[in-house]
Amino acid sequence: MKPVPKQKAISKLETLAEQAEETQKHGRGSLEFTQWYQAVKGALANIFGDASRHLREFNNIPFTLSFWHDGTPDSDFEDEFQRGMRVAISYLKAMQEEVAEYWEEPEMPPKLPDVSKVSRSRKVFVVHGHDHGLKEAVARFVSQLGLDPVILHEQPNQGRTIMEKFEHNAEVGFAVVLLTADDIGAAKKTAEQLRDRARQNVVFEFGYFIGKLGRKHVCGLVCPGIEIPSDVLGVLYIPVDESGQWRLLLIKELKAVWQDLDANLAI
């Protein structure tokens with residue numbers, strides 16, 4: 001059962017107690033009483049639980065006579081109804097005090113980051129392997145567009161671990177991941193069929209930014225013949241070609257994030 005915030009529970013119990021005073025005026029057997037009675041049961045089940053003592057004790061409040069005979073006057077029934085309503089009102093007020101005095105605010109589940117509201121930072125993290133030429137080309141290209149490239153090893157350490165340094169500098173608006181031929185590997189069953197692969201840290205950071213920024217804010221630049229990680233096939237990949245066509249395709253993705261980007265700056 002989802003926990004009810006403390007103030008919301010108090011407010012609901014207070015409202016039900018106020019409604020009870022109005023319901024008394026309509027008398028026993030009225031539609032107003034039936035609606036109020038069902039509303040109280042539903043609220044108590046939602047606030048305290050279906051098996052709570054609060055709901056059980058409310059169900060035990062009598063609103064009519066337990067025993068009567070043909071000659072029992074209507075006034076006796078009405079008196080018992082009014083007595084039951086007074087008990088119910090007192091009980092609801094006591095529950096308000098109980099919640100106010102003893103309830104702790106329920107622990108709400110951690111709120112997941114809304115990747116649709118990604119940081120508007122104009123920083124672009126460049127994830128790279130051993131191809132320093134491509135790294136420098138991408139960084140210069142990003143700078144020409146008026147954006148701020150972030151290359152991890154160029155940032156100050158400030159006594160932090162590698163992971164702390166990475167997380168600190170990962171507050172960016174976009175990530176470009178360079179999948180270059182740094183490692184080789186194959187499935188164990190086909191160990192002889194080796195293929196070029198990106199470094200393991202590049203694949204890790206690729207997945208990190210997908211989770212942090214969302215797929216629309218991450219782009220992979222793939223060199224020819226590189227094996228693409230199977231778990232991130234839904235992400236945009238741009239082939240790195242000698243003609244430099246990748247620059248035009250990358251501008252398109254960056255402009256989707258920053259509409260004010262002037263592509264002419266990179267010419």
Side-chain angles (χ1 to χ4, degrees), residues 108-180 182 197-223 226 228-241 244-267:
M108 305 305 287
K111 191 173 181 180
L112 296 176
D114 184 358
V115 295
S116 67
K117 297 179 180 178
V118 68
S119 168
R120 306 316 296 172
S121 165
R122 296 181 75 84
K123 293 183 177 181
V124 177
F125 199 106
V126 180
V127 179
H128 64 90
H130 290 150
D131 191 332
H132 299 293
L134 181 60
K135 175 195 69 176
E136 293 299 330
V138 172
R140 286 196 304 271
F141 179 69
V142 169
S143 294
Q144 287 175 324
L145 291 170
L147 301 173
D148 183 13
V150 176
I151 298 174
L152 189 61
H153 71 82
E154 295 179 354
Q155 310 305 313
N157 293 322
Q158 296 181 317
R160 292 177 294 226
T161 65
I162 292 294
M163 195 61 201
E164 289 171 339
K165 179 181 177 181
F166 172 71
E167 290 177 334
H168 177 77
N169 288 282
E171 297 300 322
V172 296
F174 200 89
V176 179
V177 182
L178 311 184
L179 299 172
T180 57
D182 300 312
R197 290 179 175 178
R199 291 182 64 195
Q200 290 182 332
N201 76 289
V202 171
V203 176
F204 166 77
E205 292 171 25
F206 198 1
Y208 178 91
F209 280 116
I210 291 171
K212 182 178 179 62
L213 304 178
R215 290 182 297 174
K216 293 181 179 179
H217 294 79
V218 181
C219 174
L221 292 185
V222 186
C223 288
I226 298 298
I228 297 175
S230 60
D231 286 346
V232 285
L233 289 177
V235 180
L236 173 71
Y237 291 97
I238 294 176
V240 176
D241 57 332
Q245 185 71 16
W246 62 267
R247 291 177 171 84
L248 298 177
L249 297 175
L250 182 56
I251 285 176
K252 181 179 177 182
E253 299 307 316
L254 294 172
K255 279 186 68 67
V257 178
W258 297 286
Q259 288 78 17
D260 63 336
L261 210 62
D262 184 1
N264 294 317
L265 295 174
I267 297 176

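Each residue takes its place number in the sequence, starting with 1. All values derive from a computational prediction rather than experimental measurement.
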> Taking the side chain as C-beta and beyond, is there a heavy-atom pair between Val202 and His128 under 4.5 Å?
Replying inline: no

> Can you name the closest pair of heavy atoms from Leu250 and Cys219 and give their distance?
Replying inline: CD1-SG, 4.2 Å

>> Please give me the minimum heavy-atom distance between Ala139 and Ile151, naming the atom from each residue.
In response: CB-CD1, 3.8 Å

> Are Phe174 and Phe209 close enough that their ring centers fall under 6.0 Å?
Replying inline: no

> Within a reach of under 6.0 Å around NZ of Lys255, are more than 12 heavy atoms found that belong to other residues, nucleotides or ligands?
Replying inline: yes

>> Can you give me the closest heavy-atom contact between Ile226 and Ala198, atom names plus distance?
In response: CG2-N, 4.3 Å

> With the threshold set at 4.0 Å, does a side-chain nitrogen-carboxylate oxygen contact exist between Asp241 and Arg247?
Replying inline: no

>> Tell me the closest heavy-atom pair linking Gln155 and Val150, and the distance in Å.
In response: NE2-CG1, 4.1 Å

> Closest heavy-atom contact between Leu145 and Ala263?
Replying inline: CD2-CA, 4.2 Å

> Looking at CG of Leu147 and CG of Leu254, how far apart are the two atoms once the value is rounded to the nearest 0.5 Å?
Replying inline: 6.0 Å

> Between Glu167 and Lys212, is a side chain to side chain contact (heavy atoms under 4.5 Å, CB included) present by the stated rule, with each step listed?
Replying inline: CA-CA 11 Å; Glu167 290 177 334; Lys212 182 178 179 62; over 6 Å; no

> Taking the side chain from Lys165 and the backbone from Leu152, do they hold a donor-acceptor pair closer than 3.5 Å?
Replying inline: yes

> Any donor and acceptor pair, going by atom type alone, linking the side chain of Asn157 with main-chain N or O of Arg160 inside 3.5 Å?
Replying inline: no

> Salt-bridged, Glu154 to Lys135, with N to O below 4.0 Å?
Replying inline: no

>> Quick one: does any side-chain atom of Gln259 pair with a main-chain N or O of Ala256 as donor and acceptor, under 3.5 Å?
In response: yes

> Between Glu164 and Thr161, is there a donor-acceptor pair closer than 3.5 Å when you use the side chain of the first and the backbone of the second?
Replying inline: yes

> Between Phe206 and Tyr237, what is the ring plane arrangement, given parallel below 30°, perpendicular above 60°, and tilted in between?
Replying inline: perpendicular

> Is there side-chain contact between Val222 and Ile238, with heavy atoms separated by less than 4.5 Å?
Replying inline: no

> Between the main-chain N or O of Lys123 and the side-chain N or O of Ser121, is there a donor-acceptor pair closer than 3.5 Å?
Replying inline: yes

>> Assess the residue pair Tyr208 and Phe125 against the criterion (ring pair (Phe, Tyr, Trp, His ring centres under 6.0 Å)); give the C-alpha distance rounded to whole Å, side-chain angles, the decisive distance to 0.1 Å, and a yes or no.
In response: CA-CA 12 Å; Tyr208 178 91; Phe125 199 106; 8.8 Å; no

> So do Gln200 and Glu205 actually touch side chain to side chain, heavy atoms under 4.5 Å?
Replying inline: no

> Are the side chain of Asp148 and the backbone of Arg122 linked by a donor-acceptor contact shorter than 3.5 Å?
Replying inline: no

> Taking all atoms of both residues into account, what is the closest heavy-atom pair of Thr180 and Cys223, and its distance?
Replying inline: CG2-SG, 3.6 Å

> So do Leu221 and Leu179 actually touch side chain to side chain, heavy atoms under 4.5 Å?
Replying inline: no

> How long is the span from the CG atom in Leu178 to the CZ atom in Arg199, to the nearest 0.5 Å?
Replying inline: 12.0 Å

> Does some side-chain heavy atom of Val172 sit less than 4.5 Å from a side-chain heavy atom of Val124?
Replying inline: no

